[in-house]
Amino acid sequence: MTRVHDQSIASPTETELHSVGLRFTQSGAIAEITLCKPERRNTQQPAMWRAMAALGRTMPTGVQIVVIRAEGRSFSAGLDRSSLNGLDRSTPSDDPGAETLTSLLAGTDLTIERAIRDYQDAFMFLRDPSFISIAAVQGHAVGAGFQLALACDLRIVADDAVFCMKEAALGLVPDLTGLAPLVRQVGYGRALEICVRARNVNAREAVALGLAHSMVPADDLNDEVRAWAESLLLANPDAARETKKLLQSAEISELGHQRELEAAAQVRRLRALG
């Protein structure tokens, strides 16, 4: 589904983003969303997900590349364990009034499912055909951090990157839309093994499995991501959008339907060029 900039929704302010550990910047056609809580290894919580979803809904229409990056030594160590306060009594909440996963249990099953779908919006918008999304991953990408990287179209990793789907070890399941891309990249059996064993996948294995598209020394990560972004911008932006949309449909469409989509898209491109 192609994003339409929602002018009825105000973009989160710099202060609001900072309060949940995020920063948004834009330079021309390249936007960057940075996780900026290095002192907590860029752990995530519901307030961060809601803010990121709001960024997705209000992404400027001129953006062609969205880079997800993080400050510090870790991309994201996953869920902030304080969000499990009450389930995990060893990690009391820093803010008793904050929205947590445990606080959802006071509601109905339907209420909980709706909240989770809201959280998923922080990851789903990165599939939007309007732009190409790139995850720049260094250090640990655990649980929600792994799923955030998987939500992006491309993953450029430092040689110290380590992926881990930790949810099963916590008695939970991955629910932030990371399972479908994981299965597509590595296959069902390998995805099952990675998730249920909750084991580490290092940068070299990630490249071998197709989870990462490029691996470079940590000091070169920013330059590598910039080079990829600039090379992607060389493509005709409308052709890039149409191609991303077609590739997404090719994963789920019957061949007869897919050929029709491709023909219709080509007609639009020929008309635009004619």
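Quick note: residue numbers are just sequence positions, from 1. Computed from a predicted structure; not experimentally measured.
- The number of heavy atoms from other shown groups lying within 6.0 Å of NZ (Lys244) is above 12.
- Hydrophobic cluster membership is shared by Val186 and Phe163, with clusters built from Ile, Leu, Val, Met, Phe, Trp and Tyr side chains linked at under 4.5 angstrom.
- By the criterion of side-chain heavy atoms lying less than 4.5 angstrom apart, applied directly or through intervening Ile, Leu, Val, Met, Phe, Trp or Tyr residues, Leu148 is grouped together with Phe24 in one hydrophobic cluster.
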**Report entry** Pair Thr43-Arg81, side-chain contact (heavy atoms from CB on, under 4.5 Å): steps then yes or no
**Finding:** CA-CA 8 Å; Thr43 51; Arg81 295 291 289 272; over 6 Å; no
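- Between Leu101 and Leu79 the shortest side-chain heavy-atom distance falls below 4.5 Å.
- Between the side chain of Asn200 and the main chain of Cys164, no donor-acceptor pair closer than 3.5 Å is present.
- Proximity of a side-chain donor or acceptor of Glu254 to a complementary backbone N or O of Gly256 within less than 3.5 Å is detected.
- Listed by chain and residue number, nothing satisfies the salt bridge (charged side-chain N to carboxylate O under 4.0 Å, His left out) test with Lys37 (two or more places apart in sequence, or in another chain).
- Separation of atoms CG (Asp128) and CZ (Arg57) is listed at 13.0 Å; rounding is to 0.5 Å.
- In this structure the side chain of Pro12 reaches within 4.5 angstrom of the side chain of Leu55, judged on heavy atoms.
- Looking only at side-chain heavy atoms (C-beta outward), Leu104 and Pro46 stay at 4.5 Å or farther from each other.
- No donor-acceptor pair under 3.5 Å is formed between the side chain of Gln258 and the backbone N or O of Glu251.
- In the displayed structure, Glu230 atom CD is contacted under 6.0 Å by more than 12 heavy atoms of other residues, nucleotides or ligands.
- Put simply, CZ on Arg197 and CG on Leu192 are 11.0 Å apart, with the number rounded to the nearest 0.5 Å.
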Requested in this report: Output, in order, the C-alpha distance, side-chain angles, deciding distance and verdict of side-chain contact (heavy atoms from CB on, under 4.5 Å) for Leu17 and Ile33.
Outcome: CA-CA 10 Å; Leu17 291 174; Ile33 299 174; over 6 Å; no
Query raised in the report: Can you list the steps and then say if Asp238 with Arg241 is a salt bridge (Lys or Arg N to Asp or Glu O under 4.0 Å)?
Result: CA-CA 5 Å; Asp238 293 324; Arg241 294 184 189 102; 2.7 Å; yes
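- What you find for Phe146 and Leu182 is that their closest heavy atoms are CZ-CD1, 4.1 Å.
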Query raised in the report: Can you check salt bridge (Lys or Arg N to Asp or Glu O under 4.0 Å) on Glu262 and Arg259, steps first, answer last?
Result: CA-CA 5 Å; Glu262 292 172 10; Arg259 66 187 288 191; over 6 Å; no
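- Smallest separation of non-hydrogen atoms from Leu126 and Asp153: O-OD2, 4.0 Å.
- By the rule that hydrophobic residues join a cluster once side-chain heavy atoms approach within less than 4.5 Å of another member, Leu22 and Tyr119 end up as members of one cluster.
- Of all non-hydrogen atoms in Leu233 and Ala29, the two that sit nearest each other are CD2-CB, 3.9 Å.
- In this structure, Leu221 CG and Asp160 CG are separated by 8.5 Å, a value rounded to the nearest 0.5 Å.
- Checked against side-chain hydrogen bond (donor to acceptor under 3.5 Å, both in side chains), Arg73 has no partners two or more places apart in sequence or in another chain.
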Query raised in the report: What's the verdict on side-chain contact (heavy atoms from CB on, under 4.5 Å) for Met165 and Leu150, showing C-alpha distance, side-chain angles and the deciding distance?
Result: CA-CA 11 Å; Met165 204 68 85; Leu150 286 167; 3.9 Å; yes
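- Of all the heavy atoms in Gly72 and Pro38, the pair that sits closest is CA-CB, 3.8 Å.
- Taking CD of Gln138 as the start and CG of Asn42 as the end, the distance is 7.5 Å to the nearest 0.5 Å.
- In this structure a side-chain-to-backbone donor-acceptor pair under 3.5 Å is present from Ser76 to Gly78.
- For the pair Glu167 and Val173, the minimum side-chain heavy-atom distance is 4.5 Å or more.
- Checking side-chain atoms of Thr58 against main-chain N and O of Ala54 turns up a donor-acceptor pair under 3.5 Å.
- Between Ala31 and Met59 the shortest heavy-atom distance is CB-SD, 4.1 Å.
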Query raised in the report: Given the rule in the side-chain contact (heavy atoms from CB on, under 4.5 Å) test, do Leu209 and Ile194 qualify, once you have shown the distances and angles that lead to the verdict?
Result: CA-CA 12 Å; Leu209 291 174; Ile194 288 172; 4.3 Å; yes
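- For Arg199, the CZ atom is densely surrounded, since the number of other residues' heavy atoms within 6.0 Å is greater than 12.
- At least one donor-acceptor pair under 3.5 Å links the side chain of Gln147 to the backbone N or O of Leu176.
- With values rounded to the nearest 0.5 angstrom, Leu232 atom CG is found 7.5 Å from Trp228 atom CH2.
- More than 12 heavy atoms of other residues, nucleotides or ligands shown are found within 6.0 angstrom of CZ on Arg117.
- When the shell of 6.0 Å around CZ of Arg269 is examined, it contains more than 12 heavy atoms from other residues, nucleotides or ligands.
- Rounding to the nearest 0.5 Å places CZ of Arg23 at 4.5 Å from OG1 of Thr34.
- Looking at Gln26, its side chain never comes within 3.5 Å of a backbone N or O of Gly62 through a donor-acceptor pair.
- Without hydrogens or angle criteria, Thr177 side chain to Phe123 main chain gives no donor-acceptor distance under 3.5 Å.
- Judged by distance alone, the side chain of Arg69 and the main-chain N or O of Ala136 form no donor-acceptor pair under 3.5 Å.
- Relative ring orientation between Phe131 and Phe125 is described as perpendicular, the plane-to-plane angle rising above 60° on a 0-90° scale split at 30° and 60°.
- Hydrophobic clustering of Ile, Leu, Val, Met, Phe, Trp and Tyr side chains at less than 4.5 Å, counting indirect connections, keeps Val225 apart from Val66.
- Side-chain contact between Gln185 and Arg155 is present, with heavy atoms from C-beta onward closer than 4.5 Å.
- No donor-acceptor pair closer than 3.5 Å links the side chain of Glu39 to the backbone N or O of Arg41.
- Leu154 is not connected to Val157 by any chain of hydrophobic side-chain contacts under 4.5 Å among Ile, Leu, Val, Met, Phe, Trp and Tyr, and they are in different clusters.
- The minimum heavy-atom distance linking Asp159 with Ala218 is given by the pair OD1-N, 3.5 Å.
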